[in-house]
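Keep in mind that the numbers below use all heavy atoms, side chains included, and drop hydrogens, waters and symmetry copies. Naming: A, B, ... by sequence-line order, numbering from 1 per chain.
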Amino acid sequence: MGQYLGLFFANGVVIGSIYALIALSFNVIYSTTGIINFAQGEFVMIGALTTAWLHVAMHLAMPLAILAGVFTAAVVGLACYLVGLRPAKGASPVTYIIITIAISIILKSLASFVWGTDPYTLPKLVQGGVRIGAGEVDKHSLLVIPVAGMCMLLLVLFFRYTRVGLNMRACAENKEGARLCGISVNNASAASFALGAALAGVGGVMITPILSMQFDAGMMMGIKGFSGAILGGFGNPIGCVIGGLMVGVIEQFICYFSSGYKDILALVIVVVLLLLRPRGILSR
Amino acid sequence: MLKVVNMSAGYGKLVVVKSVSLNVQRNEVVALVGGNGAGKSTLLRSITGLIGVSEGRVFLGDKNITGKPAEKIAKMGLSLVPEGRALFPAMTILENLKVGLNAGRASRSEAESRFDAVFELFPDLKKRTGSRAGDLSGGQQQMLALGRALMSAPDILLLDEPSTGLAPVLVAELFEKIAIMKQTGMTILLAEQNVHKALDVADRGYVIENGRIVLEDTGPALKSSERVQKAYLGV
């Protein structure tokens, strides 16, 4: 196995970077609204399928297709909040969970209607591979790591230096204090859904050239991102990144033994880790 | 500036504030004093839209603000420093103050002059702009809460029990700051359990008991009132 360690680790970091983005997208919404959005994986799927459809079927240039895909995910996320969640303001957390599960089912059905049930893929942005140990990782996959890192950096800058970002953080910390400062918690929540969906959409666009994407693939991506978020500790963005990377790396190492069980075993390991540290790996 | 007319408010079916009327004129400091549970905080929270008003009306200038959401009332020029301060603990002092700018739109130069004014009033904050609000002492947190409210350049400032939990030396410092704000012409409604200090700094005052206003007079007159002396000043 030793000669493949580097390869598994590199692949794990690649996939983990995408899970980390999805975990962050969960966290953006949860921090501002207190809602755990179980439709988050569908935003991954919508971002990916919109991009793939526009580029492959409609022959739109790749950069424009990516922008349109991420924008569509953001708009769908915003619409989900405005139509599905905002009217239920003040409901119990269980009610919100049921609403987001319903949204997930609806979005999946709509996606199968619009794009069909066949998988879509996107061309790799960079051709060729890099030799790591006894194996090779393609250059496109490695490109995912800095792109995900850049998205995270942009997210940090957004929350630290923009007015909307500061307002969203204020809502996350103290909603009453935020209202007293003239901030509309509804608007901040809407912004968090749009941003969270856009982030998930970026994750979808990045993973499609590697794994392909179809109407029902978002749920598993969402579960992996969610696992990363709870492993790192909901509400802790750094924890979400570490948690997402850990899920990716664990999953890839399990592939060595059986790729068929990678999803199940990865989640079992997450559960075991959470039994040891119920509030996340970075909890004190 | 602020006029409350026969207002009743509370939580669900529990009516805490009962048919209260009061007014605060421009450039005036008005104290609202009373014991624990008298209804001071509920009154302030209902004026600012944090809880619903069941009866009566609230006017800010000539605008009826009854039932408007807190964020809209804040943007109309009424700022509350609530009991407990409601700061953003993981955000820095500078970030807390920047968020305070939301309620009162300001150009870049106006914003800079507001930062300068806040740092002049609270120089300790300027020394630690990068510190997290949650890492500050109770006194510094109270100053930050006041500073954050001042960043919106409100027409009227409502202070809810600002001296709660502070050491006596910090209470004295806090009331010095309130006196300075008064000198600059700021309009303030101050709810306090520290009756002595509140009436010292106030032009006028109201005494609230069991959700009703039972006395109203100038600060010195209330201090010398037998009822206030017996109930609140231990005379």
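Applying the salt bridge (Lys or Arg N to Asp or Glu O under 4.0 Å) criterion to B:Glu110, with sequence neighbours excluded, gives no partner residue.
Within the 4.5 angstrom heavy-atom criterion, only backbone atoms of B:Leu87 (N, CA, C, O) approach chain A. Neither the backbone nor the side chain of B:Pro154 has a heavy atom closer than 4.5 Å to any heavy atom of chain A. Contact annotation for B:Arg148: only side-chain heavy atoms (C-beta onward) come within less than 4.5 Å of a heavy atom of chain A. Looking at A:Arg160, the atoms closer than 4.5 Å to chain B (heavy atoms on both sides) sit in the backbone and in the side chain alike.
Heavy-atom minimum distance, B:Ala74 versus A:Gly182: CB-N, 3.8 Å.
Between B:Glu71 and A:Ile183 there is no side-chain heavy-atom pair separated by less than 4.5 Å. Between A:Leu180 and B:Pro82, the closest side-chain pair of non-hydrogen atoms falls below 4.5 Å. For the pair B:Asn102/A:Arg163, a side-chain contact is recorded, criterion being any heavy-atom separation below 4.5 Å from C-beta on.
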Distance-only donor-acceptor hits, side chain of residues 114-123 of chain B, under 3.5 Å, sequence neighbours excluded:
{"residue": "B:Arg114", "atom": "NH1", "partner": "B:Gly104", "partner atom": "O", "Å": "2.9"}
{"residue": "B:Arg114", "atom": "NH1", "partner": "B:Met151", "partner atom": "O", "Å": "2.9"}

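Residue-environment remark: CG (A:Leu157) exceeds the threshold of 12 foreign heavy atoms within 6.0 Å. More than 12 heavy atoms of other shown residues, nucleotides or ligands fall within 6.0 angstrom of atom CZ in B:Phe59. Atom NZ of B:Lys3 is surrounded by 12 or fewer heavy atoms from other residues, nucleotides or ligands within 6.0 Å. Other residues, nucleotides and ligands contribute only 12 or fewer heavy atoms inside 6.0 Å of the NZ atom of B:Lys72. B:Lys68 NZ: 12 or fewer foreign heavy atoms inside a 6.0 Å radius. Within 6.0 Å of CE on B:Met1 lie more than 12 heavy atoms contributed by other residues, nucleotides or ligands.
With values rounded to the nearest 0.5 angstrom, B:Met91 atom CE is found 6.0 Å from A:Glu173 atom CD. Distance check: A:Tyr161 OH to B:Glu95 CD gives 8.5 Å after rounding to the nearest 0.5 Å. Annotation: the span from B:Leu101 atom CG to A:Cys181 atom SG amounts to 9.5 Å, rounded to 0.5 Å.
Salt-bridge formation is detected for the pair A:Glu176/B:Arg45: a Lys NZ or Arg NE/NH1/NH2 atom is positioned less than 4.0 Å from an Asp or Glu carboxylate oxygen.
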